[in-house]
Amino acid sequence: MATLVAPNQKSPVEDVEALHKAFKGWGTDEKTVIAILGHRNVHQRQQIRKIYEEIYQEDLIKRLESELSGDFERAVYRWMLEPADRDAVLANVAIKNGSKGYHVIVEIACVLSAEEVLAVKRAYHNRYKRSLEEDVATNTTGDIRQLLVGLVTAYRYGGDEINAKLAKTEADILHESIKEKKGNHEEAIRILTTRSKTQLLATFNRYRDDHGASITKKLLDNASTDFQKALHTAIRCINDHKKYYEKVLRNALKNVGTDEDALTRVVVSRAEKDLRDIKERYYKRNSVHLEDAVAKEISGDYKKFILTLLGKED
C-alpha cells in the first residue's frame, strides 16, 4: 500500500499559480512547494508540470532546481519525474558511481516488472541517447558485467507456473556455484537472469529445504566480491523486495551519518506503491516508527518533505 493519498485536485491551474507565486520575491516559499507537490500523485504532478510550462513558458522541474538546494532539491526533482524517467536517472547516477552503485541497477532490474524495466530502458535511451545495456557493459567487467547486463536485458515471463523438477536441479546448481566462490558463475547468472520470479522463488525455497539454509546465507562475508554482493542483492530483491527495502532504510539511518541518497531513493520511488508495508516491516524489525527514526536523523525542508511522503506531517 502507498503512503501518498492524493486529494482530488480542485484545479491544477490553481496549483500552478500557487507554485509560481511561491517562487516570487526574495526567498522561495518552500512550505507551499511541499504542501502542493507532496500531496499530488504522479498524474497530478505531470499535469501541473504541463500546465506550468503552457502558462509560464518554463519547465517547472528546471525552476525547482534553481529555487531549491541540497537533499531537498534532489528529493523534489526525483519526485517530479515520471517513474520510468526517475529510474533512468537513478540508473545513470549508479553507473557513474561504479561498484558503489551496482545495487541500484540490480534493484531496478529485479524489483520492477518486465514491462516496467522496458519503460525504464526507453526512458534511459530518450534521456541519454545511449542504451542502458551499453552503459552498464562499458562501465563493468567480468562476472559483474555478465550479471548486470543480463539483468537489465532480461524480459522475464510473468506467469505463475512452476517446474518443481527444474527448481530442484537449479537449486543444486546455485549451491555449487555459491560454494565454489571462485568457480564458474555462468550458470548462476543464467538462472538469475532468465527464470521467472515465480520459478526463482520455488528454486530459493528448494535450496533452503535441501541445503538447510537460506541461499543468501553463505554469499556475504568480508571477502565477498562485487559480483557476490550484486548476486546477494538480486536474490533478496526477487525473494522479498519489501524486506530488502526495509534493510536499505535501516542501514541508511543507523550508520554514522545518514545516507540521504538511499533514504530519498526508497521513499520517493515507493511512496505511491508499497511504502506503507515497508514502514510496517520497519516498525516490526526495529520497534520504532520509520517517521520517528527519519525525524531524528534529518532536518529542514528535506525532513518536512520526506515526512510528508511518509504520510506524516512534521
Side-chain angles (χ1 to χ4, degrees), residues 65 71 73-75 77-78 81-156 177-178 181-195 200 216 219-238 241 244-245 247-248 251-252 255 259-266 268-269:
E65 281 185 285
D71 292 312
E73 178 271 317
R74 197 174 298 113
Y77 171 79
R78 290 178 179 177
L81 297 175
E82 290 184 67
D85 200 27
R86 178 194 306 138
D87 283 330
V89 170
L90 289 172
N92 186 256
V93 171
I95 289 165
K96 287 175 182 171
N97 280 340
S99 61
K100 287 187 290 184
Y102 292 159
H103 62 287
V104 178
I105 305 289
V106 175
E107 274 177 33
I108 292 166
C110 294
V111 174
L112 301 185
S113 69
E115 289 297 331
E116 287 170 330
V117 173
L118 200 56
V120 173
K121 293 200 286 185
R122 283 200 194 101
Y124 195 97
H125 194 272
N126 290 339
R127 185 177 267 269
Y128 300 108
K129 312 306 175 201
R130 299 182 303 276
S131 73
L132 177 56
E133 296 93 328
E134 179 185 354
D135 277 3
V136 169
T138 303
N139 289 278
T140 52
T141 57
D143 287 336
I144 188 75
R145 174 196 276 168
Q146 266 190 289
L147 178 64
L148 295 181
V149 172
L151 289 173
V152 298
T153 307
Y155 188 85
R156 296 181 194 277
S177 177
I178 289 165
K181 282 207 167 186
K182 292 177 181 173
N184 186 341
H185 296 126
E186 276 185 23
E187 284 294 274
I189 292 167
R190 176 188 64 77
I191 294 165
L192 264 292
T193 58
T194 60
R195 298 300 181 207
L200 285 170
T216 54
L219 261 176
L220 288 193
D221 57 31
N222 293 334
S224 293
T225 63
D226 288 335
F227 171 75
Q228 282 146 359
K229 289 173 189 170
L231 198 67
H232 185 265
T233 300
I235 293 167
R236 295 199 70 217
C237 286
I238 292 165
H241 73 268
Y244 167 78
Y245 280 128
K247 188 166 185 185
V248 172
N251 288 343
N255 292 340
D259 183 349
E260 288 88 357
D261 200 57
L263 175 62
T264 299
R265 186 177 80 252
V266 177
V268 166
S269 63

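Partners of Y128 according to the ring pair (Phe, Tyr, Trp, His ring centres under 6.0 Å) rule, which considers only residues two or more places apart in sequence or in another chain, are Y124.
Side-chain atoms of L132 and I95, non-hydrogen and from C-beta on, do get closer than 4.5 Å to each other. Side-chain contact between V117 and Y155 is absent, with no heavy-atom pair separated by less than 4.5 Å. Within the 4.5 Å cutoff, no side-chain heavy atoms of E186 are placed close to those of I189. Taking the side chain as every heavy atom from C-beta outward, I105 and L151 never approach each other to under 4.5 Å. No side-chain heavy atom of I238 sits less than 4.5 Å from a side-chain heavy atom of R195. Considering only heavy atoms from C-beta on, E116 stays 4.5 Å or farther from V111 through its side chain. Counting only heavy atoms from C-beta outward, the side chains of L200 and R156 approach each other to under 4.5 Å.
Note on E107 versus R265: salt bridge recorded, some NZ/NE/NH1/NH2 to OD/OE distance being below 4.0 Å.
To the nearest 0.5 Å, the span separating CZ on R236 from OG1 on T216 amounts to 6.5 Å. Atom CG in L231 sits 6.0 Å away from atom CD1 in I178 (nearest 0.5 Å). The distance from atom CD1 of I144 to atom OG1 of T225, rounded to the nearest 0.5 Å, is 7.5 Å. Here OG1 of T140 is found 10.0 Å from CG of D135. Values are rounded to the nearest 0.5 Å. Note that NZ of K121 and CD of E133 are 4.0 Å apart. Values are rounded to the nearest 0.5 Å.
With 3.5 Å as the limit, one finds no donor-acceptor pair spanning the side chains of K247 and N251.
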| Going through the checks in order, is the side-chain contact (heavy atoms from CB on, under 4.5 Å) test met by V152 and V120? | CA-CA 10 Å; V152 298; V120 173; over 6 Å; no
| Check against side-chain contact (heavy atoms from CB on, under 4.5 Å), K229 and V106 | CA-CA 10 Å; K229 289 173 189 170; V106 175; over 6 Å; no
| field | side-chain contact (heavy atoms from CB on, under 4.5 Å) between R74 and D261, worked out | value | CA-CA 9 Å; R74 197 174 298 113; D261 200 57; 4.0 Å; yes
| request: Step by step, work out the side-chain contact (heavy atoms from CB on, under 4.5 Å) result for T233 and Y102. | output: CA-CA 9 Å; T233 300; Y102 292 159; over 6 Å; no
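The minimum heavy-atom distance between A252 and A262, with the atom names listed, is CB-CB, 4.1 Å. Between T153 and V149, the shortest heavy-atom contact is OG1-O, 2.5 Å. Closest non-hydrogen pair, C237 versus C110, comes out as CB-CB, 3.7 Å.
For the pairing with R145, the side-chain contact (heavy atoms from CB on, under 4.5 Å) check across D143, L147, T141, L148 returns one residue only, T141. Checked against V104 for a side-chain contact (heavy atoms from CB on, under 4.5 Å), the options L90, N97, V93 give a single hit: L90.
The local environment of CD in E134 is crowded, with over 12 non-hydrogen atoms from other residues, nucleotides or ligands closer than 6.0 Å.
No donor-acceptor pair under 3.5 Å is formed between the side chain of R78 and the backbone N or O of R86.
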